[in-house]
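Working notes, structure below.
If you're wondering where the values come from, they're calculated on a predicted model, not measured in any experiment. Index from 1, following the sequence.
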Amino acid sequence: MPVDDNVRAEVTAEAARFRLRVAGEALRLFAEQGYEATSVDEIAEAAGVSRRTFFRQFRSKEDVVFADHEAQLAQARADLEAAQTDPWTAVGDAVVGVFERFTRTRELAAQRYRVVRQVPALRDREIVTVFRYERLFTDYLRGRLPQAPDLAMVQFSAAVTATHNYLLRRMVRGESEATAADLRTALAAVPRGDRTAGEMVVAVFPRDMPPRQVAELLSDHLDSL
């Protein structure tokens with residue numbers, strides 16, 4: 001990698017760390033004082049930056065809550081563009097990548113979850129953010145699989161995004177210790193649009209077999225068909 005690219009990557013990483021630091025202070029204040037009661041000036045002071053610096057990075061208090069999503073979306077897009085596998089698998093890998101990066105900032109994700117649940121405007125923003133992930137995945141599939149049924153691509157993108165969000169929310173609520181491996185297993189059970197139309201597969205498993213093992217076996221056998 002050329003030196004200029006190394007420098008650019010480090011600057012980008014530093015900017016991302018700065019945004020996460022400010023977001024962490026903002027979410028802490030929102031949790032302690034309430035979203036509406038916390039001012040931009042208080043956030044800037046807590047983060048040790050000026051009001052002007054804050055607004056260079058964020059357009060509003062609402063933006064700071066979702067500070068890491070722009071970087072997440074950009075990285076997911078880059079992962080898809082660089083993918084060498086089949087498009088359905090590439091989308092699944094990108095989703096797992098998003099999950100893995102969120103687990104590295106788990107406390108921030110947990111703080112955001114608690115704050116967003118209390119503020120209707122932030123819940124609306126979260127819905128829009130989720131749609132942006134779905135749209136990214138759907139557009140990628142459309143570009144790589146022009147002959148695939150459009151509905152199948154939309155359904156797949158919505159399903160993998162919902163699966164990711166379900167496991168992430170359980171993790172940040174302290175209800176599970178979901179890992180990237182758990183997410184991969186769950187994603188393997190999501191129907192793809194590359195199955196033969198009208199094809200039906202009937203499988204029989206012992207009643208007491210763990211769901212995770214059922215998903216793994218189904219994935220292995222379906223991939224061999």
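Placement of Val98 and Leu141 within a single hydrophobic cluster is found when ILVMFWY residues are connected by side-chain heavy-atom separations under 4.5 Å, directly or transitively. Leu168 and Leu122 sit in two unconnected hydrophobic clusters of ILVMFWY residues. Membership requires side-chain heavy atoms under 4.5 Å apart, directly or through other members. Two different hydrophobic clusters hold Leu136 and Phe131 under the rule that ILVMFWY side chains link at heavy-atom gaps under 4.5 Å. Hydrophobic clustering, with ILVMFWY side chains joined whenever heavy atoms are under 4.5 angstrom apart, keeps Val115 apart from Val130. Both Val116 and Leu20 belong to a common hydrophobic cluster when Ile, Leu, Val, Met, Phe, Trp and Tyr are linked at side-chain heavy-atom distances under 4.5 angstrom.
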Stepwise side-chain contact (heavy atoms from CB on, under 4.5 Å) test for Phe18 and Val49:
CA-CA 10 Å; Phe18 170 80; Val49 302; 3.5 Å; yes

Run the side-chain hydrogen bond (donor to acceptor under 3.5 Å, both in side chains) test on Thr89 and Arg192 for me, step by step, so that the C-alpha distance in whole Å, both residues' side-chain angles and the decisive distance to 0.1 Å come before the verdict.
CA-CA 9 Å; Thr89 299; Arg192 298 180 175 192; 3.1 Å; yes

Candidate pair Asp93 and Arg184, rule salt bridge (charged side-chain N to carboxylate O under 4.0 Å, His left out), full reasoning
CA-CA 8 Å; Asp93 289 344; Arg184 284 191 184 279; 2.9 Å; yes

Val22 vs Gln57, side-chain contact (heavy atoms from CB on, under 4.5 Å): CA-CA, chis, key distance, verdict:
CA-CA 10 Å; Val22 176; Gln57 294 291 327; over 6 Å; no

Between Arg123 and Glu62, is the salt bridge (charged side-chain N to carboxylate O under 4.0 Å, His left out) condition met? List the steps.
CA-CA 11 Å; Arg123 292 200 296 272; Glu62 187 174 298; over 6 Å; no

So Arg170 and Glu177, salt bridge (charged side-chain N to carboxylate O under 4.0 Å, His left out) or not? Walk me through it.
CA-CA 8 Å; Arg170 288 199 49 155; Glu177 292 294 333; over 6 Å; no

Might you work through the side-chain hydrogen bond (donor to acceptor under 3.5 Å, both in side chains) test for Gln72 and Arg101, ending with a clear yes or no?
CA-CA 8 Å; Gln72 284 276 28; Arg101 290 188 291 275; 2.8 Å; yes

Kindly indicate, with the supporting measurements, whether the criterion side-chain contact (heavy atoms from CB on, under 4.5 Å) is fulfilled by Phe137 and Leu80.
CA-CA 9 Å; Phe137 301 144; Leu80 290 172; 4.0 Å; yes

Check step by step if salt bridge (charged side-chain N to carboxylate O under 4.0 Å, His left out) holds for Arg56 and Asp63.
CA-CA 12 Å; Arg56 284 199 192 105; Asp63 272 0; over 6 Å; no

For Val65 and Phe30: C-alpha separation, side-chain torsions, deciding distance, then whether side-chain contact (heavy atoms from CB on, under 4.5 Å) applies.
CA-CA 9 Å; Val65 174; Phe30 294 156; 3.6 Å; yes

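Atom CG in Leu27 sits 7.0 Å away from atom CZ in Arg112 (nearest 0.5 Å). Rounded to the nearest 0.5 Å, atoms CG (Leu187) and CZ (Phe156) are 7.0 Å apart. From Arg77, atom CZ reaches atom CG of Leu73 across 6.5 Å, with rounding to the nearest 0.5 Å. Note that CE of Met153 is 6.5 Å distant from CH2 of Trp88, once rounded to the nearest 0.5 Å.
Without hydrogens or angle criteria, Tyr140 side chain to Arg135 main chain gives no donor-acceptor distance under 3.5 Å. For Lys61 (side chain) and Tyr35 (main-chain N/O), a donor-acceptor pair under 3.5 Å exists by modelled atom type. Under a 3.5 Å cut-off, the side chain of Gln84 and the backbone N or O of Ala82 do form a donor-acceptor pair. At least one donor-acceptor pair closer than 3.5 Å links the side chain of Arg19 to the backbone N or O of Ala67. Side-chain atoms of Arg142 do not come within 3.5 Å of backbone N or O of Asp150 as any donor-acceptor pair. Using a distance-only test at 3.5 Å, with no hydrogens or angles considered, a donor-acceptor pair links the side chain of Thr103 to the main chain of Glu100.
Taking the six-membered ring where the residue is Trp, Phe102 and His164 present tilted rings, their angle falling between 30° and 60°.
The heavy-atom pair separating Ala186 from Leu167 by the smallest distance is CB-CD1, 4.5 Å. Across every non-hydrogen atom of Glu81 and Arg144, the tightest pair is CA-NH2, 4.2 Å. Closest of all the heavy-atom pairs between Thr85 and Ala90 is CG2-N, 3.6 Å. Contact record, Val96 with Leu183: CA-CD2, 3.8 Å, taken as the closest heavy-atom pair.
The environment of CZ in Arg117 is crowded: more than 12 heavy-atom neighbours from other residues, nucleotides or ligands sit within 6.0 Å. Within 6.0 Å of CZ on Phe55 lie more than 12 heavy atoms contributed by other residues, nucleotides or ligands. Open room surrounds CD on Glu45; 12 or fewer heavy atoms of other groups in view lie less than 6.0 Å from it.
Looking at Thr185 and Asp182, their side chains never bring a donor and an acceptor atom within 3.5 Å of each other. A side-chain N or O of Gln33 and one of Thr38 form a donor-acceptor pair less than 3.5 Å apart. The closest side-chain donor-acceptor pair between Tyr113 and Arg173 falls under 3.5 angstrom.
Side-chain contact between Asp41 and Phe54 is absent, with no heavy atoms from C-beta onward closer than 4.5 Å.
For Glu32, the side-chain contact (heavy atoms from CB on, under 4.5 Å) partners two or more places apart in sequence, or in a different chain, are Arg28, Leu29.
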